[in-house]
Amino acid sequence: MFLLLLEDVMKTLKGFADPRLIRESEHADLSTTVAFKIAKEKNLKPEEVAKSILENIEPKGYVGTVETVGGYINFFANYDFLSDTVEEILSNSNYGGLNLKGKVLIEHTSANPDGPLHIGHVRNAVIGDTLARIFRKAGFDVTTHYYINDMGRQMAITVLGIEKFGLSNKKPDHAIAEAYISANKLLEEKKELEKEVENLMLEYERGSEEIVGKFRKAIEIAMDGIKETLKRLNVSHDEFLWESDFVRNGLVDSVLGELDAMKVIKKDGAWIVELKDLKEVVLRRENGTSLYITRDIAYHLWKSERFERLVNVWGADHKLYGEQLKRLLEILGIKVPEIVFFEFVSLPEGRMSTRRGRFISADELIEKVKEEVKKLVSNREISELEEIAEAVAIGAIRFDFLKVAPEKPMVFDMKKAIDFERQTASYIQYTHSRACSILRKSGEEGKFIAEFCNKVERDLVVLLSKMPFYVKRVVDELKPNIFAEYLLSVASKFNEFYRDYPVLKAEEGVREHRVAIVKAVRNVLRNGLELLGIKALERM
RNA sequence: GGGCCCGUGGCUUAGCCAGGACAAAGCGACGGCCUUCUAAGCCGUAGAUCGCGGGUUCAAAUCCCGCCGGGUCCGCCA
């Protein structure tokens with residue numbers, strides 16, 4: 001709805017409209033600084049320019065009043081806007097959605113199957129999964145991929161570890177990590193095993209049936225555990241693709257063939273492509289085998305033929321690699337992915353490392369947070385307590401990672417992770433259940449009357465109208481944190497309303513009016529939490 | 001050494017791309033609010049040379065240049 005208001009503001013401004021200069025404002029529903037810009041160009045005073053613009057325009061559509069303060073031109077929505085917003089929210093169960101079209105592929109998480117997901121992978125997973133949810137809401141036909149790096153050295157080491165040490169009966173991904181960590185230690189002591197690792201990689205790429213079987217088995221065991229964790233985190237992937245498939249299906253060879261035909265490859269034993277201002281890239285080893293980037297180009301070729309928009313969620317350590325990949329794709333004339341880079345999650349003692357066994361697993365984090373939540377919940381039957389604790393714990397974890405802009409480095413602090421601040425998922429969940437509680441007790445249909453709105457109610461409704469606007473912003477900017485923050489602001493405004501304006505005890509007429517508002521808030525919070533992959537509890 | 005990212009009250013962050021209205025929140029501190037719809041809530045007070053130094057501009061947290069601190073990348077690894 002807010003998007004419609006924005007359009008009407010543009011229409012109102014006519015020739016003065018500049019979408020980049022129209023912003024949300026604390027002083028109005030929308031505000032523009034276009035007068036400052038014109039004043040500068042024509043060497044006039046902003047206030048005067050604003051006033052003369054005001055004299056030349058007529059409010060259109062949802063725009064009620066227009067005013068100027070200093071050089072600003074402020075727009076306020078009319079009653080119809082408020083009524084239509086509430087009407088739309090109450091009648092459209094998909095409220096918040098848009099009608100954007102197109103096939104989008106989002107690749108995320110893609111952790112190496114050499115151990116369990118750790119908290120860094122969780123950051124990747126919740127960013128990727130939330131983007132996928134929001135893209136779907138925006139109307140796109142979304143497919144999510146987990147790209148399994150099965151051809152790496154770390155997989156060969158894992159296979160070696162299983163051979164030498166077997167697997168314990170821990171959760172499968174944790175058992176795999178033990179084998180991987182032990183093998184790494186062994187490898188440090190016995191350098192001669194290095195040959196074995198190399199050989200495993202070589203045989204795997206060549207497709208030796210025995211070795212392929214061993215790799216597949218190890219990876220499937222690890223992935224079983226990883227999938228279990230992802231499921232708990234409400235993270236889903238539509239497809240799991242194996243890196244090696246792109247060697248086996250011939251796409252790697254055809255990519256190399258194409259580049260060769262384009263005469264961009266320097267053959268110096270190995271096959272190398274030189275890139276302007278970037279480090280050169282080796283695409284084929286001297287021994288004839290492919291490299292990670294070669295397979296990745298093939299994977300992107302495959303994706304680009306099937307999807308209109310490609311989004312990858314990658315750790316910031318892949319930035320240079322991402323530039324190289326994009327450049328090579330450009331040379332080949334293949335669609336270039338949009339890459340969301342997120343900075344590292346480190347521990348107070350430094351960087352995490354699966355190889356050294358220095359990490360906090362997602363499973364451990366979930367359990368610790370859940371335990372802490374259980375302390376807060378009282379007087380419940382066991383089954384309900386479990387449900388609430390799980391939902392609140394997962395919500396807290398997802399939100400913690402989601403609310404910070406991807407480019408910010410994070411230092412993980414368990415104390416903070418288990419501390420439920422006001423700015424967290426549980427605050428929104430709690431607010432949602434408060435709204436549910438009122439609706440449960442009221443049982444009334446509700447009837448919104450725009451003219452009845454006080455300041456807080458009006459602000460609240462305008463805020464509710466912004467949900468599609470924020471969905472659009474996330475789709476445009478690929479920053480899920482702005483939606484998290486939006487939902488928080490809705491919850492906060494509702495709590496203000498909750499304190500000051502009783503619903504059930506209000507006089508007739510006002511009561512129905514407020515019930516409608518509560519219902520609208522409940523719907524927005526419910527739909528919004530869904531977009532963040534957080535369960536909207538009706539009771540807490 | 002070079003590239004990229006981060007640096008905002010004691011702590012965690014939003015705002016920076018598209019410069020403008022008193023720098024916005026949470027935690028922590030202090031002081032209040034539960035015979036009234038769930039206090040996992042709400043209100044108030046104190047607390048910021050927006051890393052530092054220049055520059056551009058009527059106007060800079062935001063743009064430009066130079067520093068400083070932290071992270072990260074610079075494999076015929078993935």
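Proteins get letters first, then strands, A, B, ... in listed order; numbering begins at 1 in each.
The aromatic ring centroids of Phe401(A) and Phe342(A) lie 6.0 Å or more from each other. Taking the six-membered ring for Trp and the full ring otherwise, Phe483(A) and Tyr470(A) have centroids separated by 6.0 Å or more.
Listed pair Lys37(A) / G20(B) fails the phosphate criterion, with no side-chain N or O lying under 4.0 Å from OP1 or OP2. For the OP1/OP2 pair of A14(B) and a distance below 4.0 Å, the side-chain nitrogens and oxygens of Lys408(A) include at least one atom meeting the criterion. One finds a side-chain N or O of Ser437(A) lying less than 4.0 angstrom from the OP1 or OP2 phosphate oxygen of U38(B). Considering only side-chain N and O atoms, Arg511(A) lies nowhere under 4.0 angstrom from the phosphate OP1 or OP2 of C37(B). OP1 or OP2 of C42(B) sits under 4.0 Å from a side-chain N or O of Tyr427(A). Under 4.0 angstrom from either OP1 or OP2 of U38(B) there lies at least one side-chain N or O belonging to Lys441(A). Under 4.0 angstrom from either OP1 or OP2 of A78(B) there lies no side-chain N or O belonging to Tyr292(A). Taking only side-chain nitrogens and oxygens, Arg285(A) comes nearer than 4.0 Å to OP1 or OP2 of C77(B). For Asn495(A), a side-chain nitrogen or oxygen approaches OP1 or OP2 of C42(B) to under 4.0 Å. OP1 or OP2 of C42(B) has at least one side-chain nitrogen or oxygen of Arg422(A) nearer than 4.0 Å. Between A18(B) and Arg20(A), a contact under 4.0 Å exists linking OP1 or OP2 to a side-chain N or O.
Glycosidic conformation of C67(B) is anti; the angle lies outside 90° of 0.
When the nucleotides A40(B), C77(B), U13(B) are ranked by their closest atom to the side chain of Arg153(A), C77(B) comes out on top. Closest to the side chain of Lys40(A), out of C37(B), A59(B), A14(B), is A59(B). Side-chain atoms of Lys279(A) lie closest to G75(B) of the nucleotides A40(B), G75(B), U72(B). In this structure, the nucleotide among C17(B), C5(B), G20(B) sitting nearest to the side chain of Thr33(A) is G20(B). Set against G41(B), A40(B), A78(B), the side chain of Asn149(A) has A78(B) as its closest nucleotide. The listed nucleotides are U38(B), C73(B), C27(B); the one nearest the side chain of Tyr498(A) is U38(B). When the nucleotides U13(B), U38(B), C5(B) are ranked by their closest atom to the side chain of Ser433(A), U38(B) comes out on top. The side chain of Pro409(A) lies closest to C6(B) when the candidates are C6(B), C37(B), C27(B). Checking C5(B), C43(B), U38(B) against every side-chain atom of Arg440(A), the shortest atom distance belongs to U38(B). Comparing C6(B), G41(B), A18(B) by their closest approach to the side chain of Arg23(A) singles out A18(B).
Residue-to-nucleotide contacts include a donor-acceptor pair under 3.5 Å from the side chain of Ser25(A) to the base of A21(B). At a cut-off of 3.5 angstrom, the base of C77(B) holds no donor-acceptor pair with the side chain of Glu198(A). A donor and an acceptor atom sit less than 3.5 Å apart, one in the side chain of Ser31(A) and one in the base of A21(B).
Looking only at distances, a side-chain donor or acceptor of Arg514(A) sits under 3.5 Å from a matching main-chain atom of Pro502(A). Looking at Tyr486(A), its side chain does come within 3.5 Å of a backbone N or O of Met467(A) through a donor-acceptor pair.
Nearer to the 5' terminus of RNA chain B, by closest-nucleotide assignment, is the contact made by Asp419(A) (compared with the other of Asp419(A) and Asn287(A)). When each of Asn112(A) and Asn74(A) is assigned the nucleotide of RNA chain B with its nearest heavy atom, Asn74(A) is the one assigned upstream, toward the 5' end.
Between the NZ atom of Lys505(A) and the P atom of U35(B) there is a distance of 13 Å, rounded to whole Å. Counting to the nearest Å, the C1' atom of G28(B) and the NZ atom of Lys416(A) are 10 Å from each other. For the pair Phe412(A) CZ and U13(B) P, the interatomic distance rounds to 13 Å; values are reported in whole Å. Between Lys479(A) atom NZ and C5(B) atom C1' the separation is 12 Å, expressed in whole Å. Taking atom CG of residue Leu320(A) and atom C1' of nucleotide G71(B), one finds them 16 Å apart after rounding to whole Å. Between the CD atom of Glu286(A) and the P atom of C77(B) there is a distance of 11 Å, rounded to whole Å. Atom CG of Asp413(A) is separated from atom P of G28(B) by 14 Å (rounded to the nearest Å). Following rounding to the nearest Å, Phe36(A) (CZ) and A60(B) (P) show an atom-to-atom distance of 13 Å.
Taking the centre and axis of the six-membered ring of Phe494(A), the NZ or CZ atom of Arg434(A) falls outside the cone set by 45° and 6.0 Å. For the pair Lys40(A) and Phe36(A), the cation-pi test (distance below 6.0 Å, angle within 45°) is failed.
In this structure, Tyr72(A) counts as stacked on the base of A21(B) under the 5.5 Å centre distance and 30° plane angle limits.
Nucleotide A78(B) is matched to nothing when pairs are restricted to Watson-Crick or G-U wobble geometry with both distances under 3.5 angstrom. For G53(B), the paired base is C65(B) (Watson-Crick or G-U wobble, both distances below 3.5 Å). For C22(B), there is no paired nucleotide, since no Watson-Crick or G-U wobble pair has both relevant distances below 3.5 Å. Using the Watson-Crick or G-U wobble rule with both distances under 3.5 Å, C30(B) pairs with G44(B).
Nucleic acid contact class of Glu538(A) (heavy atoms, under 4.0 Å, all strands): base.
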Stepwise ring pair (Phe, Tyr, Trp, His ring centres under 6.0 Å) check, Phe399(A) with Tyr427(A): CA-CA 11 Å; Phe399(A) 204 86; Tyr427(A) 176 74; 9.4 Å; no
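Between Phe359(A) and His118(A), the ring-plane angle classifies as tilted under the 30° and 60° cut-offs.
Donor-acceptor pairing under 3.5 Å is lacking for the side chains of His318(A) and Asn312(A).
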